S.K.: 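Please find one structure pasted underneath; my questions will follow.
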Amino acid sequence: MMSLQPWSLALVILLSTFVGLYLVYRLLLLASPSLYRSMIEHNSMSVDDFVGGAPSPSSALKSWLLNRLNVGSRVPKKQPDGSGGYNLKVTESDKLPGLKVTCRDENGDGISGPSVPPVVIGTIRMGFGHHRIAYAAASWGLDSNSNRETWFHDFLNIDSEEAQMIKDTDKLYSKGSRLASELGGPVEKFWGSLTKSGDEDSLRVTYQFSEHMIPLINQLDKNSPIIATHSMVACAAVAAGFKNVINLVIDNHAQWFVVVPGALNLVQGPSNYHSFLKMGVPEECLALAGHWIPRDLVEGIPQTCLWRIDRRKDGKPLRIIIPVGGAGAQRKFIVEMVGAFSGLVKEGKVQLFLNAGDHEHMKEAFLSVLNSHGMEYDMVVDMKGVQAFRDKMLTEEPAKNVILFSYQDYFTAVATTDILCNVADVLACKPSELAFYPIPKLMIRRVGDHEAYSALRASELGDGTLEVREVPLAVRYVELFLTTNLLQVMNNSIVDNNKIGLYDGCKNAVRIALERAQP
């Protein structure tokens, strides 16, 4: 028998492996319709009807495999009669007066709710964006003059196996965002393509995961209006049997996984609206609402914009808020940008409000760049401090031109940027949920290609720049803010936008939820 040369043997093994894998793939492809039907057999809602039909064999296989990666062989905890779920209780919020916050009640009998079902703001503490939008909606719920209480329902506030599943998923996303931001190049390009490729299968997988989340919401009154700031919450609410579910769609880039079958999906801008219609989202499941903005920022627009214009006319220092997102990405770009601003800071032309949030690594990065460039700074470390600082900044200037905000608690980390908006001239941020805020914005480097469209939205509305991907261009824009009427133009645009209700998205969401609610 003739022996094979080592290279020939390696080639045979390689080809055999390839053929074997291909045969396995073809067998799985043949079995995929059956596997997919088994996966969705007990679903409460048909995603396929919503997206226009059943998946192809390859899409069925993709959806099945991704679901197995998400949940393994786990079966959703739900009862045929719709009962079950974790007992809940409500407590008074120590953050917003009048707001009720839900949590798990492990020793009691669960909620004995008010006679009139509350308005429930449903969210998930994944990054800062979903929570920021949830608190914005809550601010309007508390001011709705309704006889309904406003409840804040965060899935991660319910200690459970399901909440841990969400946390594990969020860790992977946050890690991916940080790596893409730090490494750049091909890694950033690959991550960017992932974040903007939400096809029908992405909704199938998101909904399937949400079926497992039913126990986190099932004990709430099914007659409650649900305003969800995360599509997974809206999916779980629909699957649990809630009939009045409002889904606040994020971003300005239409993707299937951010809309929800069985819910009314509200979008922030017209391009998203017609893009979803073009994709095939039913008209009756879609409406244009406006931007997701908290009540105090909207109501303060006329006075705050005039205040900013007067500051520029008086030649006062340019105040720039630089926040860090919930994933803690962008460290490299932001640190370089802060260093590049050091000359203007030392000259007294620019003041920096650096919000490190609850990220220790960003706090250390900010401290390092400030010390290396010889920039003096003060620190604020709690809610009382940031509120006192905000009140002082309405009429005075800070003792030092750099203020570093750093916290141990999540809420203050999120709220600080909102609190500072009315005492700052510019918000320098990635094109996230903050791209829609009524403050002149320097749109810095994105952490996902889907965010590019939000920067475009801000620029076309006149209240923000196009995306700035290089630090020298960020410095150039700051020079333009200091030497031209660009800030006045942006503030005038904000005032005009406000007159047509462009920033009333959360206000409209609450109104619509109440109008749809059963008496």
Side-chain angles (χ1 to χ4, degrees), residues 128-129 177-178 180-185 187-189 191-192 195-196 251-253 269 291 308 312 317-345 349-356 362 365-366 369 373 402 417 420-421 424-491 493-494:
F128 286 171
S177 294
R178 288 193 295 270
S181 177
E182 293 296 318
L183 297 176
V187 176
E188 183 182 26
K189 187 174 182 179
W191 183 255
T195 63
K196 63 176 291 188
D251 299 329
N252 194 42
H253 176 53
H291 294 190
R308 293 191 191 109
R312 296 300 340 119
L318 183 74
R319 295 177 177 175
I320 306 175
I321 310 172
I322 305 179
V324 177
Q330 298 176 287
R331 178 177 58 181
K332 182 179 179 181
F333 185 91
I334 287 178
V335 166
E336 288 182 4
M337 184 173 68
V338 170
F341 290 160
S342 62
L344 294 170
V345 171
K349 295 180 179 179
V350 168
Q351 296 169 354
L352 301 180
F353 299 166
L354 308 178
N355 182 11
M362 282 306 307
F366 278 137
V369 69
H373 285 81
V402 180
T417 300
L420 295 177
C421 277
D425 298 301
V426 175
L427 173 62
C429 62
K430 71 185 183 75
S432 60
E433 78 286 348
L434 292 171
F436 300 86
Y437 265 45
I439 177 175
K441 292 172 292 290
L442 173 62
M443 300 272 78
I444 61 175
R445 192 168 184 148
R446 64 183 183 263
V447 187
D449 287 356
H450 64 295
E451 293 182 337
Y453 303 92
S454 298
L456 183 61
R457 168 81 174 161
S459 178
E460 291 298 325
L461 289 174
D463 63 6
T465 69
L466 288 168
E467 183 187 2
V468 173
R469 296 187 58 80
E470 302 295 336
V471 169
L473 185 55
V475 175
R476 176 60 181 148
Y477 263 114
V478 170
E479 292 171 346
L480 291 174
F481 290 145
L482 288 168
T483 59
T484 72
N485 70 341
L486 180 56
L487 271 184
Q488 181 172 343
V489 170
M490 286 187 173
N491 280 290
S493 295
I494 292 169

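Everything numeric in this text was worked out from a predicted model, so none of it was measured.
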S.K.: Strictly distance-based, threshold 3.5 Å: is any side-chain N or O of Lys441 a donor or acceptor partner for the main-chain N or O of Asp463?
M.R.: yes
S.K.: Look up atom CG in Leu442 and atom CD in Glu467, then write down how far apart they are to the nearest 0.5 Å.
M.R.: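 Reported to 0.5 Å precision, the distance equals 10.5 Å.
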S.K.: Could you check whether any side-chain N or O of Arg445 sits under 3.5 Å from a backbone N or O of Glu470, counting only pairs where one atom can act as donor and the other as acceptor?
M.R.: no
S.K.: Heavy-atom distance under 4.5 Å between the side chains of Leu318 and Leu487, does that happen here?
M.R.: yes
S.K.: How close do Leu461 and Ser493 get, heavy atom to heavy atom, and via which atoms?
M.R.: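 That closest heavy-atom pairing would be O-CB, 3.6 Å.
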S.K.: Is the shortest heavy-atom distance from the side chain of Pro440 to the side chain of Ile494 under 4.5 Å?
M.R.: yes
S.K.: Sub-3.5 Å donor-acceptor pair from the side chain of Ser342 to the main-chain atoms of Gly339, do we have one?
M.R.: yes
S.K.: Is there side-chain contact between Leu456 and Leu466, with heavy atoms separated by less than 4.5 Å?
M.R.: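 Side-chain contact under 4.5 Å: yes.
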S.K.: Testing the basics here: between Pro317 and Val350, what is the closest heavy-atom pair and its distance to 0.1 Å?
M.R.: CB-N, 4.4 Å
S.K.: Quick one: pull up CG in Leu420 and CZ in Arg319 and give me the separation to the nearest 0.5 Å.
M.R.: 10.0 Å
S.K.: Any side-chain heavy-atom pair from Thr465 and Met490 closer than 4.5 angstrom?
M.R.: yes
S.K.: Go through the steps for Asn252 and Arg457 under the test side chain to side chain donor-acceptor pair (under 3.5 Å), then give the verdict.
M.R.: CA-CA 7 Å; Asn252 194 42; Arg457 168 81 174 161; 5.0 Å; no
S.K.: Applying side chain to side chain donor-acceptor pair (under 3.5 Å) between Glu451 and each of His253, Lys430, Arg446, report the one that passes.
M.R.: Lys430
S.K.: What are the two closest non-hydrogen atoms of Ala428 and Ile320, and how far apart are they?
M.R.: CB-CG2, 3.8 Å
S.K.: Taking all heavy atoms of Phe128 and all of Glu433, pick out the closest pair and write down the distance.
M.R.: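 Shortest heavy-atom separation between Phe128 and Glu433 comes out as C-OE2, 4.5 Å.
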S.K.: So, taking the atom named CE in Met362 and the one named CG in Leu354, what distance separates them when rounded to the nearest 0.5 Å?
M.R.: 8.5 Å
S.K.: Kindly say whether Ala455 contributes a backbone atom to a donor-acceptor pair with the side chain of Ser459 at under 3.5 angstrom?
M.R.: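 No.
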S.K.: Which distance, rounded to the nearest 0.5 Å, do you find between the OG1 of Thr484 and the CZ of Arg312?
M.R.: 9.5 Å
S.K.: Specify the closest pair of heavy atoms between Cys421 and Tyr437, including all atoms of both residues, with the distance to one decimal.
M.R.: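 The answer is SG-CD2, 4.1 Å.
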S.K.: Walk me through it: do Val338 and Leu352 pass the test side chain to side chain contact (heavy atoms under 4.5 Å, CB included)?
M.R.: CA-CA 8 Å; Val338 170; Leu352 301 180; 4.1 Å; yes
S.K.: Could you measure the distance from the CG atom of Leu427 to the CD1 atom of Ile444? Nearest 0.5 Å is fine.
M.R.: 9.0 Å
S.K.: Are Phe353 and Thr417 close enough that some pair of their side-chain heavy atoms sits under 4.5 Å apart?
M.R.: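 Of all side-chain heavy-atom pairs linking Thr417 with Phe353, none is under 4.5 Å.
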S.K.: Answer yes or no: is there a side-chain heavy-atom contact under 4.5 Å between Val426 and Val478?
M.R.: no
S.K.: Measure across Tyr477 and Leu486 and return the closest heavy-atom pair with its distance rounded to 0.1 Å.
M.R.: CD2-CD2, 4.2 Å
